[in-house]
Amino acid sequence: MYQVVYNLINNALNYSGDSRHVTVRQECIGDTVKVSVQDFGLGIAKENLPLVWERYYKIDKEHRRSFNGSGLGLAIVRKILELHNARYGVDSTLGQGSTFWFCLKVSDE
């Protein structure tokens, strides 16, 4: 789960624009914990939302980063979350940013 949170925060920082402002939240909802990572960048068009989880997919092919990303971060997140039977998703509004989230059942242990 460390890798999931790391990848989501790293991705948010890369797409947060000049402000580099990112919000990380954790909520307990019944027997589930929800973790969300929000950036305040350009956002993602609705038609592109399902594609962000695919390997090597980049929304903005011309996006300038402080480093070269591999395009694998969100695909890795997806695979780890699926192995943990987690629900996950992304909510985004163009011009306002994106929120990537996942939900896991709280263990009885």
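If you read the sequence from its start, that first residue is 1, and numbering goes on from there.
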**Polar side-chain atom of N7 near backbone of G73 as donor-acceptor pair, under 3.5 Å** = yes
**Prompt:** Under 3.5 Å, side chain of S92 to main-chain N/O of G97, donor-acceptor pair present?
**Reply:**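 Between the backbone of G97 and the side chain of S92 there is a qualifying donor-acceptor contact (under 3.5 Å).
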I need the minimum non-hydrogen distance between [X] and [Y], along with the two atoms involved.
X: L104; Y: A86; value: CD2-CB, 3.3 Å
X: Y15; Y: D39; value: O-OD1, 3.8 Å
X: R20; Y: L13; value: NH1-O, 3.1 Å

**Request:** Establish whether V77 and Y6 are linked, either directly or via other cluster members, by ILVMFWY side-chain heavy-atom contacts under 4.5 Å.
**Result:**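 They do not share one cluster, since no chain of ILVMFWY contacts under 4.5 Å joins V77 to Y6.
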**Request:** Decide whether F100 and V24 are clustered together by the hydrophobic rule: side chain heavy atoms of Ile, Leu, Val, Met, Phe, Trp, Tyr closer than 4.5 Å, transitively.
**Result:** yes
Between [X] and [Y], is any pair of side-chain heavy atoms under 4.5 Å apart?
X: I76; Y: Q3; result: yes
X: K105; Y: V33; result: no
X: Q38; Y: R25; result: yes
X: V106; Y: T32; result: no
X: V52; Y: I44; result: yes
X: V90; Y: W101; result: no

**Message:** What verdict does the side chain to side chain contact (heavy atoms under 4.5 Å, CB included) test give for F102 and R87, after you've listed the backbone C-alpha separation in whole Å, the side-chain angles of each residue and the deciding distance to 0.1 Å?
**Reply:** CA-CA 6 Å; F102 64 92; R87 290 186 311 113; over 6 Å; no
